[in-house]
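As C-alpha cells, the structure follows; a few thoughts come after it.
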Amino acid sequence: MESGHPLGIFASHPYAPRAIVTNGLMVGMFDNLKDFNVAAAMGVANYGQMTAGGWMYIGPQGIVHGTYNTLLNAGRLRLGVPAGGNLAGKLFVSSGLGGMSGAQGKAAVIAGAASIVAEVDHSRIETRLSQGWVSCETASLEEAVGLAVAARDRGEPIAVAFHGNVVDLLEYLDARHVRVDLLSDQTSCHVPYDGGYCPAGISFGERTRLLAEDRAYFRALVDVSLRRHFEVIMRLARKGAYFFDYGNSFLKAVFDAGVREISKNGTDEKDGFILPSYVEDILGPELFDYGYGPFRWVCLSGKKEDLHKTDHAAMDCIDPGRRGQDRDNYIWIRDAEKNNLVVGTQARILYQDAFGRMKIALRFNDMVRRGEIGPVMLGRDHHDTGGTDSPFRETSNIRDGSNVMADMATQCFAGNAARGMSLVALHNGGGVGIGKAINGGFGLVLDGSEKVDSVIRMALSWDVMGGVARRSWALNPHAMQVSGEFNSEHAEFGTITMPNMVDEELLDKVLGTR
C-alpha cells in the first residue's frame with residue numbers, strides 16, 4: 001500500500017509480511033506541509049497519522065494509558081508523590097477533548113487527580129460526557145474552578161469539562177492565585193492555522209467562519225492568542241505549576257508565532273525549548289529508556305469474553321514488585337474493564353517492556369492454540385521506544401544530535417519485515433505534523449502456530465531493544481543500564497553495542513587540564 005493506493009499482490013515466502021504500508025513519505029526538499037497538501041489534494045499522498053496509518057487504531061484508549069503514566073510520573077518527579085501513590089489532592093489543568101485529547105479527563109481520574117479540561121467545541125464535550133470520560137460540564141469559569149478545587153481539597157478525582165477557551169481559564173486561575181500542580185495543552189497545534197487552535201476572544205463558530213472567509217486575519221489572531229497563552233503559562237509556572245508540552249507541537253507553534261524567548265538558544269528550535277515536552281522530562285527517561293511503551297492487542301473474534309481472558313492472562317504475566325512501572329501497569333490492566341476503556345473493537349493497551357511484551361504474546365498465542373480464545377492481532381502505538389523519530393516528541397530526550405535523524409524508525413520498519421511481522425508500516429507525520437516525524441509500526445496476527453512463537457521471540461525483542469540501543473548510544477543512563485542487562489541476560493536475542501565512555505582524567509593528561 002502506497003499512501004492509500006493498493007499497488008498489488010506479489011509472491012514472497014511464509015515469513016514475509018502480508019502487508020507493507022507506507023504513507024506520505026515525501027522526498028526531503030518537498031517534505032513540508034505546503035507541498036504535502038498539494039500532493040494530498042492530487043491524491044498521491046495521505047496523512048498516515050501513526051496507528052491509523054498502520055491499521056492499528058483503537059480509539060482514544062491508547063492515549064488514556066499514556067496520559068495516566070505521564071501524569072503519575074510527573075507527580076512523582078515534580079510534586080513529591082511517593083512511588084506507590086497517586087495524584088489525590090493535586091490539580092491538573094489542560095485543554096482539548098477531541099479524538100486524542102479526549103483521554104485527559106479519564107486518565108486524570110484514573111490517576112486520582114482533580115482536573116479541568118477546556119474545550120471550545122461543545123460536540124466534543126457531549127461525546128466525552130456520553131462515554132463517562134468527564135464527570136461534568138460547565139461554561140462558567142467560577143463553577144469549573146470551584147468544582148475542581150473542592151474535589152482536590154477532599155482528595156477526590158474529578159474531570160470538569162469547561163466549555164470555553166483555555167487561555168481564559170488559565171488567566172482566571174492566575175488572577176485568583178489558584179494553585180495548579182500539573183499543566184499541559186492538547187490543542188491540535190501541529191495545524192494551528194488550519195483550525196487546530198482556536199484563538200482566545202472568539203467563539204468556535206467564529207473560528208470556523210474566519211477559516212472559510214479570512215485566513216490572514218485568523219492567522220494573526222492565532223499568533224496573538226499563542227503569545228497570551230505562553231505568557232500566562234510562564235506566570236503559573238513561576239507560582240509552582242509544572243507545565244509540559246504533550247507532544248502536540250504547542251511549543252513549536254508558540255515559537256512560530258514569534259515568541260523567540262521560548263527557544264533555548266534564542267535563535268531556532270534545534271536545541272529545544274525552555275519548557276519541556278512530556279517525553280523529554282517524563283516518558284523518555286522513566287519509560288522509553290527502559291523499553292516500556294504502548295503495547296496493544298485486538299481480539300479478532302470481536303468477543304468481549306476474549307478480551308476479558310486476555311486481560312487476566314496479561315495481568316498474570318506482570319510482577320508488580322519488579323519496578324514502579326510494572327506496578328502502575330499491573331493496576332492499569334487489573335482495573336481496565338472497570339474503567340470501561342473500550343471504544344469500538346475489543347482492544348486493549350498495556351505499557352510493557354521488551355520481555356514483558358514477549359511473555360504476554362507467547363501466552364496469548366498458546367491460548368489461541370488451545371482454543372481458549374480466537375485469533376489476536378498484536379501491535380503497538382508508534383509513539384514508542386523504537387518506533388518514531390521526532391525531535392519535538394518521541395526522540396526529544398535524545399541529546400547526542402541524532403534526534404533529527406530518521407534512521408531508527410526506518411530500521412524498525414525494515415527489521416520487523418525481516419523478522420516476519422504480519423504487517424509493517426512506515427509513514428510521515430503523526431500528531432506533530434508533516435516533516436516533523438517518521439513513524440515505523442507493525443501488526444502481528446497470533447494464530448496459535450509455532451511459526452508465530454518464533455516470530456514473537458525474534459521480532460518483539462528487536463522492535464523494542466532497537467530503540468533502547470539507540471537511546472543507550474546517546475548516553476541515556478536508564479537505557480545504558482537496560483542494554484547492559486540485555487547483553488548479560490538475553491544474549492540469545494542479540495548484542496547491543498555499548499558506548500565507550502570518555503576517561504576524563506586521561507583526556508586531561510593528554511590535552512592538558514581544561
Side-chain angles (χ1 to χ4, degrees), residues 50 63 65-78 182 184-186 190 242-252 255 262-265 268-294 323-325 328 351-354 380-409 411-412 430-433 436-440 463-484 486 496 498-499 501:
M50 303 184 85
I63 200 171
H65 195 0
T67 308
Y68 160 80
N69 267 320
T70 299
L71 292 176
L72 279 178
N73 281 285
R76 291 164 187 167
L77 288 169
R78 298 289 177 165
L182 297 176
S184 192
D185 182 84
Q186 273 203 55
H190 63 290
Y242 172 61
F243 174 86
F244 55 91
D245 181 311
Y246 202 79
N248 61 333
S249 284
F250 173 75
L251 299 178
K252 177 68 164 62
F255 177 80
I262 201 170
S263 165
K264 277 185 180 176
N265 62 28
D268 56 35
E269 59 272 74
K270 287 185 178 177
D271 294 327
F273 303 106
I274 60 173
L275 295 168
S277 85
Y278 72 120
V279 174
E280 193 175 4
D281 259 24
I282 308 165
L283 220 61
E286 297 304 313
L287 291 161
F288 288 172
D289 284 356
Y290 285 98
Y292 289 92
R323 288 193 186 118
Q325 295 94 329
D328 291 342
Y351 270 57
Q352 282 292 288
D353 64 357
R380 57 161 170 75
D381 197 311
H382 302 187
H383 172 60
D384 195 15
T385 298
T388 298
D389 290 299
S390 178
F392 304 119
R393 192 161 73 177
E394 284 79 4
T395 48
S396 60
N397 77 314
I398 294 177
R399 299 184 176 91
D400 65 347
S402 69
N403 60 329
V404 300
M405 305 301 292
D407 292 314
M408 181 177 71
Q411 288 274 359
C412 177
V432 293
K436 300 185 181 79
I438 298 294
N439 309 288
D463 185 69
V464 177
M465 295 309 299
V468 175
R470 191 265 189 91
R471 294 164 186 278
S472 171
W473 192 253
L475 305 185
N476 290 11
H478 295 151
M480 292 171 66
Q481 172 195 333
V482 172
S483 295
F486 176 85
I496 292 173
M498 299 297 290
M501 302 302 292

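The backbone N or O of D245 lies less than 3.5 Å from no partner atom in the side chain of S277, so there is not a single donor-acceptor pair. With hydrogens and angles ignored, the 3.5 Å screen pairs a side-chain donor or acceptor of N476 with a backbone N or O of N397. For H478 (side chain) and P285 (main-chain N/O), a donor-acceptor pair under 3.5 Å exists by modelled atom type. Checking side-chain atoms of Q186 against main-chain N and O of N248 turns up no donor-acceptor pair under 3.5 Å. Put simply, the side chain of S472 never gets that close to the backbone of V468: no donor and acceptor are under 3.5 Å apart. For the pair H65 (side chain) and Y351 (backbone), a donor-acceptor distance under 3.5 Å is present. Between the side chain of T385 and the backbone N or O of V464 there is no donor-acceptor pair closer than 3.5 Å. Put simply, the side chain of T395 gets close to the backbone of S390: a donor and an acceptor are under 3.5 Å apart.
With sequence neighbours excluded, the residues satisfying salt bridge (Lys or Arg N to Asp or Glu O under 4.0 Å) with R470 are D389. Checked against salt bridge (Lys or Arg N to Asp or Glu O under 4.0 Å), D328 has the following partners two or more places apart in sequence or in another chain: R76. In this structure, the side-chain contact (heavy atoms from CB on, under 4.5 Å) partners of Q411, at least two apart in sequence or on a different chain, are W462. Remark: D407 pairs with M405 by the side-chain contact (heavy atoms from CB on, under 4.5 Å) rule, at least two apart or across chains. Listed by chain and residue number, E280 satisfy the salt bridge (Lys or Arg N to Asp or Glu O under 4.0 Å) test with R399 (two or more places apart in sequence, or in another chain). Qualifying salt bridge (Lys or Arg N to Asp or Glu O under 4.0 Å) partners for R471, counting only residues two or more places apart in sequence or in other chains: D289.
Contact between L182 and A74 at its shortest, heavy atoms only, is CD2-CB, 3.9 Å. Scanning both residues, G386 and C412, for their nearest heavy atoms gives O-CB, 3.5 Å. When all heavy atoms of M498 and S483 are compared, the closest pair comes out as SD-CB, 3.6 Å. In plain terms, the two heavy atoms of S402 and D400 that are nearest each other are OG-OD1, 2.7 Å. Scanning all heavy atoms of the two residues, the minimum distance from P499 to M480 falls at CG-CE, 4.0 Å. Contact between F273 and K264 at its shortest, heavy atoms only, is O-CE, 3.0 Å.
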- [ ] Apply side chain to side chain contact (heavy atoms under 4.5 Å, CB included) to R78 and D281, showing your working.
- [x] CA-CA 10 Å; R78 298 289 177 165; D281 259 24; 2.7 Å; yes

TODO: Could you walk me through whether S396 and N403 pass the side chain to side chain contact (heavy atoms under 4.5 Å, CB included) test, one step at a time?
DONE: CA-CA 7 Å; S396 60; N403 60 329; over 6 Å; no

- [ ] Assess whether side chain to side chain contact (heavy atoms under 4.5 Å, CB included) is satisfied between H383 and V279, documenting all intermediate values.
- [x] CA-CA 10 Å; H383 172 60; V279 174; 3.9 Å; yes

Open item on the list: Show, in sequence, the C-alpha distance, side-chain angles and deciding distance for F486 and V482, and conclude whether the side chain to side chain contact (heavy atoms under 4.5 Å, CB included) test is met.
Closed with: CA-CA 6 Å; F486 176 85; V482 172; 5.5 Å; no

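In this structure, I262 CD1 and F255 CZ are separated by 9.5 Å, a value rounded to the nearest 0.5 Å. In this structure, T70 OG1 and L77 CG are separated by 10.5 Å, a value rounded to the nearest 0.5 Å. Expressed to the nearest 0.5 Å, how far CZ of R393 lies from OG1 of T388 amounts to 7.5 Å. The CG atom of L251 lies 5.5 Å from the CZ atom of F243; values are rounded to the nearest 0.5 Å. Once rounded to the nearest 0.5 Å, the distance linking CZ of F244 with CG of L275 reads 12.0 Å. Here OH of Y292 is found 11.5 Å from CD of E286. Values are rounded to the nearest 0.5 Å.
Of the N and O atoms on the side chains of T67 and Y246, at least one donor lies less than 3.5 Å from an acceptor on the other residue.
With contacts defined as side-chain heavy-atom distances shorter than 4.5 Å, the pair L475/M501 qualifies.
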